Amino acid sequence: MPTSWADSISAAENLAAARPKSSYVPPHLRNRPASTDPPAQASYAGPAASSQDQSGYGGPNIGGSRWSGPRNDFRSGYGGGGGRGGGWNNRTGGWDRGREREANPFANDDAEPFVEPENSGINFDAYEDIPVETSGDNVPPPVNTFVEIDLGEAVNQNIRRCKYVKPTPVQRHAIPIALAGRDLMACAQTGSGKTAAFCFPIISGIMRGQFPRPPRPRVAFPLALILSPTRELSCQIHDEAKKFAYQTGVRVVVAYGGAPINQQLRELERGVHILVATPGRLVDLLERARVSLQMIRYLALDEADRMLDMGFEPQIRKIVQQMDMPPPGVRQTMLFSATFPKEIQGLALDFLSNYIFLAVGRVGSSTDLIVQRVEYVQENDKRSHLMDLLHAQRENGAHGKQALTLVFVETKKGADSLEHWLCMNGFPATAIHGDRTQQEREHALRSFKSGNTPILVATDVAARGLDIPHVAHVVNFDIPNDIDDYVHRIGRTGRAGKTGLATAFFNENNSSVARALADLMQEANQEVPAWLSRYAARSSHGGGKNRRGGNRFGGRDFRKDSSFNRGVTDYYGGSNMSSGYGAPGGYGAAAYGGAGVTSAWD
DNA sequence: AAAAAAC
């Protein structure tokens, strides 16, 4: 009986030699010339395995629990050999044809409307000193290159297609941890490359692993679940994951609210390995019994602190603890959060098993890539001041296109009225916020990304995680009351090692964040206006919620606190602190490639 | 106080 894809491969090759017209060929071998014959009986778990062979979750470290018991009831496999629905290839007739029909997710990458200015190569130096801290039991050592991690040829090829040259700090540490099968609590911000950090190990694990067939048709049994707080973020993770999984045979499906559910249901019925979802829609699908979590082996929660802020905790706990998802230890869980407050610590305790803690220093604010400006602007002068800024940068556009400007406001109403006002005054603006329909939201985002509408007015729906290349300028028209939101907002520019500009309109209404703002700017080596320092000194109620006590990280491993001591001496093993990439000789300049090379910063 | 999210 095949126990892994590797075994399946040799079995398939033997079969191919004997019966060239009707052999099963594992998906990742199918670009081999000799293996292009149509499979007669595609099976996800292996070649024509009998139902007796489908033994539970099968992992070596999982035996003994009810989750690994023999399953005799699986019929309709991922390969789509039997049953209606539930399979992969009911529509396309076979793996190969399915693969041919897989849209090329890289197709639009060359259609960029923007021309890179010269000398815009990635500023890797800016990341050299990003501090990284790990702690936990037997932490796998970090890697320095993608080559060291063998993710398989198909994934390696996708890494090249993505033009990733070297892993980011969070990837260097998180990928080996995840590949070792360990649970992970990572404090890292968007922009740190974490999407790839959790996608690569999941894809690799699904390719290598052996899984039972889905037990029922018309119900989706994903092997991996990725939860994220906003619809747009889910879309973005889905788009990226499809690139990483291109031609691996691993199928990625996204489900989120605001969009017609029927199309999502059809996609799910065609088979799904990795499901990316927002919590609300997923709960809906679970209650309709169209998705089952009983085969989940990988769970990733992105922007966990944001999800809790948004009141998702009940839904998340329902999904993770009250449906049919395997418990911690059986599944592998990765929890990503920009900060590590009590509530997240609680989730970590409940969702993770003997996890490794990983903290990566702040990206957006701690580098010099983003020039931060604060200007004193009275409430009534904000619009005309914004107009001045927009006029001033009109000349900066290339090829008749204006540089992209993202304007953050506090309220949905404010977003509507500012968009309207800009348009009335001849500025090509659009807006995105939670009261717009999903269609409007996606249209606004596309129009902005393409440069057709180079001004986007947004609420915090767009503050976190969204990766919009080429945003030259972020304007905090209204300064958020939470300095973390400010950090996330300005992080929409200065992406992928490019420089960016962030301007904030400050007045009396913002005095409560004056201190935090001044400190943050100082930490990022920005010029702090004297008047802001005076505000900061005046409202010196420091030590507020967002003071981090000089910690450059979003949080620390609370298990190391003396108050969290369960009497297990040295159980959590050593703590490693590594600053930057270590030996400078480790990275030849040649590795960075020429101009236009992008890194794996997401 | 506002933002986000299922129908």
Side-chain angles (χ1 to χ4, degrees), chain A residues 190 220 225-238 253-265 268 275-291 293 301-320 322-323 337-339 343 379 406-419 431-442 444-445 456-466 476-489 491-492 507-513 544-546:
Chain A
T190 16
L225 174 65
I226 299 170
L227 288 176
S228 87
T230 68
R231 299 163 181 175
E232 282 77 10
L233 198 49
S234 285
C235 281
Q236 180 181 303
I237 294 168
H238 173 241
V253 175
V254 68
Y256 54 87
I261 202 167
N262 281 334
Q263 196 182 337
Q264 293 173 8
L265 286 173
L268 288 168
L275 176 60
V276 186
T278 49
R281 176 56 62 92
L282 179 60
V283 168
D284 188 8
L285 291 166
L286 291 168
E287 285 172 350
R288 293 175 188 226
R290 300 304 294 267
V291 170
L293 301 177
L301 293 103
D302 200 13
E303 305 276 354
D305 52 351
R306 185 63 168 176
M307 290 203 275
L308 295 200
D309 283 350
M310 287 165 60
F312 279 153
E313 182 160 2
Q315 280 129 303
I316 289 171
R317 285 193 179 274
K318 175 168 186 170
I319 291 165
V320 177
Q322 290 153 36
M323 304 303 288
S337 182
T339 57
E343 299 76 29
E379 210 62 44
L406 185 49
V407 183
F408 280 106
V409 296
E410 204 55 26
T411 66
K412 294 180 273 200
K413 237 175 80 180
D416 281 333
S417 79
L418 183 58
E419 177 207 21
I432 183 168
H433 62 68
D435 276 356
R436 297 270 168 111
T437 67
Q438 193 56 27
Q439 211 175 6
E440 290 170 323
R441 284 163 61 163
E442 285 169 23
L445 213 47
L456 179 66
V457 183
T459 60
D460 273 329
V461 68
R464 295 203 186 204
L466 283 193
N476 273 292
F477 191 89
D478 300 318
I479 293 177
N481 290 319
D482 186 337
I483 199 67
D484 283 330
D485 289 331
Y486 172 85
V487 173
H488 281 285
R489 288 177 177 188
R492 297 314 98 209
N507 61 39
E508 281 83 2
N509 299 334
N510 311 113
S511 45
S512 64
V513 283
K545 160 176 178 279
N546 295 306

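Order of the sequence lines sets the chain letters (A, B, ...), proteins ahead of strands, with each chain counted from 1. Keep in mind that this is a model prediction, so the values were computed, not measured.
dA5(B) atom P lies 11 Å from atom CG of L233(A), rounded to whole Å. Between the CE atom of M307(A) and the P atom of dA3(B) there is a distance of 21 Å, given to the nearest Å. Rounded to an integer number of Å, the gap from L418(A) CG to dA2(B) C1' is 17 Å. One atom, CG of D460(A), and another, C1' of dA5(B), lie 15 Å apart when rounded to the nearest Å. One atom, CG of L265(A), and another, P of dA6(B), lie 14 Å apart when rounded to the nearest Å. With rounding to whole Å, R306(A) atom CZ is found 7 Å from dA3(B) atom C1'. The CZ-C1' distance, from R436(A) to dA2(B), rounds to 17 Å in whole Å. The interatomic distance linking D484(A) (CG) with dA3(B) (C1') rounds to 15 Å, in whole Å.
A pairwise comparison of heavy atoms in D485(A) and P480(A) identifies CB-CB, 3.8 Å as the closest pair.
Within the nucleic acid shown, G258(A) comes within 4.0 Å of sugar-phosphate atoms alone, with no base atom in reach, counting heavy atoms only. Here Q315(A) lies out of heavy-atom contact (under 4.0 Å) with every strand.
Counting only heavy atoms from C-beta on, T230(A) has its side chain closest to dA4(B) among dA6(B), dA4(B), dA1(B). Checking dA6(B), dA3(B), dA1(B) against the side-chain heavy atoms of N481(A) singles out dA1(B) as nearest. Among the nucleotides dA4(B), dA1(B), dA6(B), the one closest to the side chain of V461(A) is dA4(B).
Proximity of K412(A) to the phosphate of dA4(B): a side-chain N or O atom is located under 4.0 Å from OP1 or OP2. Distances shown here put a side-chain N or O of R231(A) below 4.0 Å from the OP1 or OP2 atom of dA5(B). For dA1(B), neither phosphate oxygen OP1 nor OP2 lies less than 4.0 angstrom from any side-chain nitrogen or oxygen of T411(A). For the pair R441(A) and dA4(B), the criterion of a side-chain N or O lying under 4.0 Å from OP1 or OP2 is not met.
Between R306(A) and S228(A), the closest side-chain pair of non-hydrogen atoms is not below 4.5 Å.
Between E232(A) and Q236(A), the side chains place no donor N or O within less than 3.5 Å of an acceptor N or O (distance only, hydrogens not considered).
In this view, K413(A) and T411(A) satisfy the side-chain contact (heavy atoms from CB on, under 4.5 Å) rule, not counting sequence neighbours. For E440(A), the salt bridge (Lys or Arg N to Asp or Glu O under 4.0 Å) test picks out no residue, with sequence neighbours left out.
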